[in-house]
Amino acid sequence: MNQVQEVFNEFSQLHNQKYNVGEILSFLDSKCANGYFDRDVYQQLIEQIPQAQTQQQCTINQLINVFKKAQDVLNDKISKCQQIIDQKNIEIRAYNDKLRQSQTNNVIQSSKLNVEILDAEILYQGNGQLQISLECMSSVVYTQLTKRQKPVWNESFEFNVNEQAVMKFILLDTELQQKRGIGGVAYIDINTFGDQMLHDFTVNLSDEINSAVRAKLHLKIQWIFSKNKYLQDLINENTTQINQLEQEINDHIVDLDIINSPFKQAIKFQNNLTISTYQTQPNQQQQASPLLISENQIDRLVQISLLLIILYLVFGLLNSMYRTLNFDFLVIFYCFLFYQKNYRLQSLLHIKIIMVMLGIALLIDIIWLAIYSTPYLGEFNAHYDHLEYGLQKYQIILSWLLLFVKIVVLIFYVHIYATYPDKSTQVYDQQWNAIFGWKDIKQINVYRNYN
């Protein structure tokens, strides 16, 4: 903002006085390297100032505020696009891992149909309770009975199917069943869902002679007949979306460059930082900070930290013969739970939680050692039995070793967190910040069923 004000000071230092927009445009032309400030962009900026378009006049402060707002909007769009790209890269990484695992293990591909019956809109009069019957292949399933007014079920069913399967949905009405009638029926061919994506839609339930629509049923259906193809489709879909987002970022960078063109000399350093941060062209390499390392190296550190946790478990078991280590085993359990799903680092949030828990465990150990180690580290006290004294001294030594292991593990996790690239855009940190309101971040939730 200061640099923009300095440039406009060359035009006039009376920033609250109104000037002709044409005169200001001529000044901006003179400040551009090519002697021309984009007319369409300037017109859009002027339109943001009340009455400036009709009066053809505005103050310098009004124009400065509009410039600043445009820069903030573009930077915000670039930042959000980059966050979505980071999230989708994590998704691609997870899909690649599952695809590689599936191909390595030669898992037999099974054809699964997942059907979720959500709710319905009833279009005929009556007083009976409602229920949905679903027939598929040789299986028949039923939802729970529910009230007639705004019926909601939210029930899921799974079927083993083949490509000849046809689903039959029947709306059962307790009032009509007494007359051997039904509320409505619909047939859906399973090949409708051959893309293996999740389909969220509404189907019409007609009467038995298909002459009138009796109800509208809200469904979610997904047919997965090839897990490998499904995962590869997800990878391709996310890659396409990343390419589109990268193009969108480049477009925003161009717009930002146009807006900043009259001020390039004044804000050259700041502008270069903005563009280099979000540049995605393959032929322009960003200079990485020497403190950051690659994701492959991070994954190797995570695998080494698992070995340290196993060492932590061994010393914890040895200490548990003499001490109650409930909190330590809680920490160890959480760590193993994390590694069960994250043998590659996909969550800095869990790393944060583990570091906090280890810090608490260290504090507990320090307090315990301060209280109990003093009587057993000096000369033999006649008040203690020789055997008891020896066991207690052994316990103190093991406790000090356990404390040392905890310190090493904590240092290792701190090192992993400190060297992780792009911590601010890491997807799980975004979820944490969104929950606690530390940052205004737009979350992108992707529903995928690939288990």
Side-chain angles (χ1 to χ4, degrees), residues 93-94 97 101 291-421 423 426 428-429 432:
R93 186 174 169 180
D97 289 342
Q101 209 171 26
L291 295 177
L292 302 181
I293 60 178
S294 69
E295 291 190 359
N296 288 335
Q297 291 172 302
I298 287 286
D299 294 333
R300 179 59 58 86
L301 291 178
V302 171
Q303 293 164 4
I304 295 175
S305 67
L306 173 59
L307 299 178
L308 291 176
I309 292 298
I310 295 175
L311 184 64
Y312 181 10
L313 174 63
V314 171
F315 278 96
L317 291 173
L318 292 174
N319 274 269
S320 65
M321 293 187 293
Y322 306 98
R323 291 174 54 193
T324 302
L325 301 174
N326 293 335
F327 188 78
D328 285 277
F329 286 120
L330 177 63
V331 176
I332 294 170
F333 173 77
Y334 185 85
C335 290
F336 281 124
L337 186 65
F338 163 69
Y339 287 113
Q340 183 179 4
K341 296 183 179 181
N342 294 277
Y343 65 95
R344 301 178 69 183
L345 182 58
Q346 297 176 12
S347 172
L348 289 184
L349 176 57
H350 292 298
I351 296 293
K352 287 181 181 178
I353 295 173
I354 291 172
M355 287 192 296
V356 172
M357 295 176 74
L358 282 170
I360 296 173
L362 279 174
L363 181 61
I364 293 173
D365 272 10
I366 291 171
I367 295 174
W368 189 92
L369 287 168
I371 296 173
Y372 292 99
S373 64
T374 304
Y376 303 103
L377 295 182
E379 297 181 359
F380 173 70
N381 191 324
H383 293 290
Y384 297 97
D385 180 80
H386 281 275
L387 178 60
E388 178 188 2
Y389 182 80
L391 291 175
Q392 293 286 0
K393 200 163 187 177
Y394 172 71
Q395 176 186 359
I396 297 299
I397 294 172
L398 280 179
S399 296
W400 278 104
L401 291 173
L402 179 62
L403 178 65
F404 175 74
V405 170
K406 289 180 187 178
I407 293 173
V408 172
V409 173
L410 180 59
I411 292 174
F412 213 83
Y413 278 116
V414 171
H415 176 65
I416 292 174
Y417 184 81
T419 54
Y420 190 89
K423 288 188 284 293
Q426 215 277 348
Y428 292 93
D429 281 357
W432 172 275

Looking at every heavy atom in both L325 and G316, which two are closest together, and how far apart are they? CD1-O, 3.3 Å
Rounded to the nearest 0.5 Å, how far does CG of D328 lie from CG of L402? 5.5 Å
Is it the case that more than 12 heavy atoms not belonging to F404 sit under 6.0 Å from its CZ atom? no
Pairs satisfying salt bridge (charged side-chain N to carboxylate O under 4.0 Å, His left out), at least one member in residues 302-319, at least two apart: none
For the residue pair V405 and V314, establish whether any side-chain heavy-atom pair is separated by less than 4.5 Å. no
Spacing of CG belonging to N319 relative to CZ belonging to F329, to within rounding of 0.5 Å: 8.5 Å
Check whether any side-chain heavy atom of L313 lies under 4.5 Å from a side-chain heavy atom of F333, and answer yes or no. no
Using side-chain contact (heavy atoms from CB on, under 4.5 Å) as the criterion, point out the one residue from L308, I310, I309 that pairs with Y312. I309
With D365, which residues qualify under side chain to side chain donor-acceptor pair (under 3.5 Å), at least two apart? R323, K406
I407 vs L403 side-chain heavy atoms within contact, under 4.5 Å: yes
Which pairs of donor and acceptor atoms, one on a side chain in residues 354-363, lie under 3.5 Å apart (sequence neighbours left out)?
none

